[in-house]
Amino acid sequence: MEVLNLLRPTVAVSVYLTFAALALHTHPEGRRRIAAREPGYVDRFAQEVRRFYPFFPLVMAQASTDFLWNDYPFPAGRKVALDLYGTNHDPRLWPQPERFDPERFDSRAPGPFDLIPQGGGDTNVTHRCPGEPVALALLQTGLEFLAARLQYEVPEQDLTIDYTRLPALPRSGFVIRQVRC
Ligand code: HEM
């Protein structure tokens, strides 16, 4: 269990770093702003990577007591799926959700029930991922490293995302070459 606790988050963060590299590649203006260390921008870019790209599609739970939510009855014992990807792409929360736009976080801080790639609600009372601040910090460090410290070429490859695999990834991964520090 301890080994799994170490391996699973390490692999999970590497998936986000792959998407971060893809986002830098497809948004060179964002790359330039991160390399210039524009205050606060890398945080907004990292949050948009977590919102935009697929990861855990949903989390499962079981109602422990009867309750009513928005006129939907949930009897005790009912299995419930929380649609993480759907919530992160709901146009009622995220205007133009299929657009990668870090600036959407200029005017709003993510709340506990809208940006939910790692589960929702209050970490202290739910199963929301307790590693979220660690994952975010590693993602920001990785983005700064790729944008400001490394130079590389991105050869021709298939960067379309395979949504049938879990976790989803670009079909070619993200291959770089001629890497220089
Ligand atoms: C890309 C990074 C990560 C992703 C996408 C991710 C995602 C998730 C998700 C979806 C859950 C289940 C939430 C729920 O059931 O409501 C979870 C739980 C958990 N995560 Fe993460 N995680 C990541 C990184 C990490 C890291 C870095 C750590 C530790 C440092 C970590 C530790 C845990 C633990 C211990 C739980 C179980 C919490 C509980 O059941 O109360 N995760 N994670």
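Each ligand, and each atom within it, is numbered from 1 in the order the structure gives. Below, each value reflects all heavy atoms present in this structure, side chains not excepted, and no hydrogens, waters or symmetry copies.
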Task: E103/R33 ion pair, N-O < 4.0 Å - done: yes
Task: E48/R104 ion pair, N-O < 4.0 Å - done: yes
Task: Spacing of L17 atom CG and L146 atom CG [to the nearest 0.5 Å] - done: 7.0 Å
Open item on the list: At less than 2.8 Å, how many protein N/O/S atoms surround atom 21 (Fe) of ligand 1? Leave waters out.
Closed with: 1
Open item on the list: In this structure, is the centre-to-centre distance between the rings of W94 and F52 below 6.0 Å?
Closed with: no
Open item on the list: Tell me the protein heavy atom at minimum distance from atom 13 (C) of ligand 1, and give that distance in Å.
Closed with: H127 O, 3.1 Å
TODO: Name the orientation class of the two ring planes belonging to F100 and Y53 (parallel below 30°, tilted from 30 to 60°, perpendicular beyond 60°).
DONE: tilted
Open item on the list: Among all protein heavy atoms in this structure, tell me which lies nearest to atom 1 (C) of ligand 1, with the distance rounded to 0.1 Å.
Closed with: Y16 CD1, 3.0 Å
Open item on the list: So that I can tick it off, tell me whether D106 and R44 are bridged by a salt bridge, with the cut-off set at under 4.0 angstrom between side-chain N and carboxylate O.
Closed with: yes
Task: Parallel, tilted or perpendicular: ring planes of Y41 versus F45, cut at 30 and 60 degrees - done: tilted
